[in-house]
Amino acid sequence: QVQLVESGGGLVQAGGSLRLSCAASGRTFSNYAMGWFRQAPGKEREFVAAIRWSDGNTRYADSVKGRFTISGDNAKNTVYLQMNSLKPEDTAVYYCAASRFLAILATMYNYWGQGTQVTVSS
C-alpha cells in the first residue's frame, strides 16, 4: 500500500532550526509533486511548500519564503523540509502529501502522511 511517513518534528526555541523528512513507499512518485502542509489547533490546513520531482521546481507560501527550503532525494523517494529561523507561529502538525500538480490547494493532493508535531517556543 502507498504510505507517506513524516519524521523530524520536535520542540525548538524561536530562531532555531528543524529538518523534517517524508519517506514514501508502495510506489514511486517520479511523476508527482511532493508538498508540505501544516495545521495549527483551530486553524485550517495551510500550504507550506512543494517540489516537483521531474524538474525540481519549487513553490513556497509567502509566510515561509526565505526561511524554509524543500528538497528531494529521488533515489530514496524522500522529501525534506529544512526549517530555519523558526517562529512560534510555525507551531503546527506538519503533513507531507503527493499530488500530480505543483499545487497549493490541499484538495489537489491524493496521498497524505499522518503528520509530525513541530512546536516552537518563545
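Note that the structure is predicted; figures quoted are calculated from it, not measured.
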With a 4.5 Å heavy-atom cut-off, do [X] and [Y] have their side chains touching?
X: R19; Y: L81; answer: no
X: T91; Y: V118; answer: no
X: V48; Y: R59; answer: no

Give me the ring orientation class for W112 and F37: parallel if the planes are under 30° apart, tilted from 30 to 60°, perpendicular past 60°.
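Rings of W112 and F37: tilted, as their planes differ by 30° to 60°.
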Do T116 side-chain atoms and G9 backbone N/O form a donor-acceptor pair below 3.5 Å?
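Side chain of T116 to backbone of G9, a donor-acceptor pair under 3.5 Å: yes, one is there.
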I need the minimum non-hydrogen distance between [X] and [Y], along with the two atoms involved.
X: M83; Y: L20; result: CE-CG, 3.8 Å
X: R38; Y: S63; result: NH2-OG, 3.6 Å
X: A24; Y: L4; result: CB-CD2, 3.4 Å

Run Y109 and F101 through ring-ring contact (aromatic ring centres under 6.0 Å, His included) and show every step you take.
CA-CA 8 Å; Y109 287 77; F101 308 95; 9.3 Å; no
Yes or no on side chain to side chain contact (heavy atoms under 4.5 Å, CB included) for I70 and Y80, after CA distance, side-chain angles and deciding distance?
CA-CA 6 Å; I70 189 170; Y80 306 94; over 6 Å; no
Does Y95 have R45 sitting over its ring (NZ/CZ under 6.0 Å from centre, angle to axis within 45°)?
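Pair R45/Y95 counts as cation-pi.
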Cation-pi geometry met for R52 and Y32 (6.0 Å, 45°)
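Judged by the rule (NZ or CZ under 6.0 Å from the ring centre, within 45° of its axis), R52 is not positioned above Y32.
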Do we see a donor-acceptor contact under 3.5 Å between the side chains of N84 and S17?
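N84 vs S17: donor-acceptor pair found between side chains.
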Carboxylate-amine/guanidinium proximity below 4.0 Å for K87 and D90
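No, no charged N to carboxylate O under 4.0 Å.
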